[in-house]
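Let me begin by presenting the structure, written as structure tokens, before commenting on it.
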Number of protein chains: 2
Amino acid sequence: MEEREALLAISPASRKWDAKRDLVRPRQRISHATLVAEGILGRFALFADGRRQITALHFPGDMADLHSVPVTISGWGLTALTPAIVYEVPHSDLRMISERYDAIAMAFWRDTVVDSSILAKWVSVMAAMKASERLAHLLCEIGIRRQMAGLGSGTSFVLPFPQVQLADILGLTPIHLNRMIGELRALGLVESLDRGLKVLDHRGLCCLADFEDSYLLLPPR
Amino acid sequence: MEEREALLAISPASRKWDAKRDLVRPRQRISHATLVAEGILGRFALFADGRRQITALHFPGDMADLHSVPVTISGWGLTALTPAIVYEVPHSDLRMISERYDAIAMAFWRDTVVDSSILAKWVSVMAAMKASERLAHLLCEIGIRRQMAGLGSGTSFVLPFPQVQLADILGLTPIHLNRMIGELRALGLVESLDRGLKVLDHRGLCCLADFEDSYLLLPPR
DNA sequence: CGGTGATTTGATTACCTTCAAGATCAGTGG
DNA sequence: CCACTGATCTTGAAGGTAATCAAATCACCG
């Protein structure tokens, strides 16, 4: 395929980041999109009081910043939840390719739609579910997305970052999150590790969170 | 401009809806996008228990369903918060135009990015702010968006639908929302009407909600 | 072994939901 | 004209969820 070759021809620069580093700060102007190669990134917003709320996660294979192609000033930041390796793909290349190949333009647009669909789901999860269910829902989603990205089975996996980060994702205090993790642990659904969380029973979590994966817009199999 | 003419040439069918009607039900397959001409639409998700959470609002001039062009099965529903008139624009036309004119394809993509940015904001608002601030934040956003759409000054306006709907947007019980409206009323920021809410002091609401409009990605003036 | 960051526990308080009931208003039919 | 209905708005009280304040324990690292 011609399109595939054009994409591969970009051969962007790669870059390594330590955990807890910010790759992009809010309000920064950027000239490249970020393709995740290894690790987990979080998109975040900052509040006036300094609290940070993570609004989206990006796993290997995800384009974290495709938004920035049509809108070059990013309103959010990008942080490394784990040590990460990313490719920095220049906007100029992406714009050129998307103008040349309609199918790629549509694919990029589609990617933004998936992102938007996940955000819409999270608005409803945040608005309507209680802490333990939110946590379970997040773990379900991560399991499926890891599986789709070819990162293991998804039904049992380790989330290798501390509870404080999880709390920033779920909009909870670390203290309360800790208690909720305790509840799930008591049910045998998860296991806590030193600086991480291990999912033991994906099925059980899905049941608890009333999880339903259609919003991820997975390709039909 | 050639692009403008091509867009106008579509001349889609218009349709009227009563308040509280659902234009699109979740999981329905659709073949047209929805351009709002009059009224206010809400995008919503349904929960297993029947509760409905509104995740986005659409005002006159907005394309409510542009997502459905690259992804034809909609995971959400679309409801009329007020009586509304919409144009139904066939996907086929939109796809054709976006393939023919790169600038339009980019504009559509950009529109999806704006939508996504607003959703990301709402994730953080739902996660981190308390009820009265959420309400104030919503009113601030609506004010600015109305103004941008040329629907009056935005600093003082009427939201013409009952509190139950507002509660569905904010993820609150109508009872609690009512009390929060009472608080804002006591501060002289809003005034309640029969089946509506009147914003009196946009500035004051912005201050209360710590509102900052950059996430709306407004065109620079 | 002390220091630092992470996890866990306890007690108190603020926020929001739930359940219950009363008040107001528009429209309908007798 | 008036009683009736249904939707909306409002108020009260009780209970659950999560935040806050405070402190103890644990794991790793230099």
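Just so it is clear, the values below take in all heavy atoms, side chains as well, and ignore hydrogens, waters and symmetry mates. A, B, ... follow the sequence lines: proteins, then strands. Residue 1 opens every chain.
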Any chance you could list the contact pattern along nucleotides 7-18 of chain D? Use B for base contacts, S for sugar-phosphate-only contacts and - for none, protein heavy atoms under 4.0 Å, 5' to 3'.
-SSBBBB---SB
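Around CD1 of A/I73, the count of heavy atoms belonging to other residues, nucleotides or ligands within 6.0 Å does not exceed 12. The number of heavy atoms from other shown groups lying within 6.0 Å of CZ (B/R51) is above 12.
C/dC16 atom C1' lies 14 Å from atom CE of B/M126, rounded to whole Å. A/L81 places its CG atom 13 Å from the P atom of C/dA6, with the value rounded to the nearest Å. Residue A/L159 contributes atom CG, which lies 15 Å from atom P of C/dA6 at whole-angstrom precision. To the nearest angstrom, C1' of D/dA19 lies 15 Å from CG of A/L170.
For the ring pair (Phe, Tyr, Trp, His ring centres under 6.0 Å) condition, the pairs that include at least one residue of residues 47-87 of chain A, sequence neighbours left out, are A/H67-A/W76.
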Please list every donor-acceptor pair under 3.5 Å in which a side-chain atom of residues 171-179 of chain B meets a protein atom from a residue at least two apart or in another chain.
residue : atom : partner : partner atom : Å
B/T173  : OG1  : B/H176  : N            : 3.3
B/N178  : ND2  : B/Q163  : OE1          : 3.1

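Judged purely by atom type and a 3.5 angstrom limit, A/Q28 uses its side chain to pair as donor or acceptor with the backbone of A/R25. Counting only distance, with no hydrogens or angles, the side chain of B/Q53 and the backbone of B/D168 share a donor-acceptor pair below 3.5 Å.
The OG1 atom of B/T82 sits 13.5 Å away from atom CH2 of B/W17, with the distance rounded to the nearest 0.5 Å.
Summary of helix geometry: the two end axes of the helix from C/dC1-D/dG30 to C/dA21-D/dT10, each defined by five base pairs via their C1' atoms, are inclined to each other by 30° (rounded to 10°).
With sequence neighbours left out, B/F44 forms a ring-ring contact (aromatic ring centres under 6.0 Å, His included) with no residue at all.
Within the 4.5 Å cutoff, no side-chain heavy atoms of A/F108 are placed close to those of A/T112.
The nearest pair of heavy atoms linking A/L119 to A/T55 is CD2-O, 3.3 Å.
Heavy-atom distances under 4.0 Å link DNA chain D to no residue of residues 42-54 of chain A.
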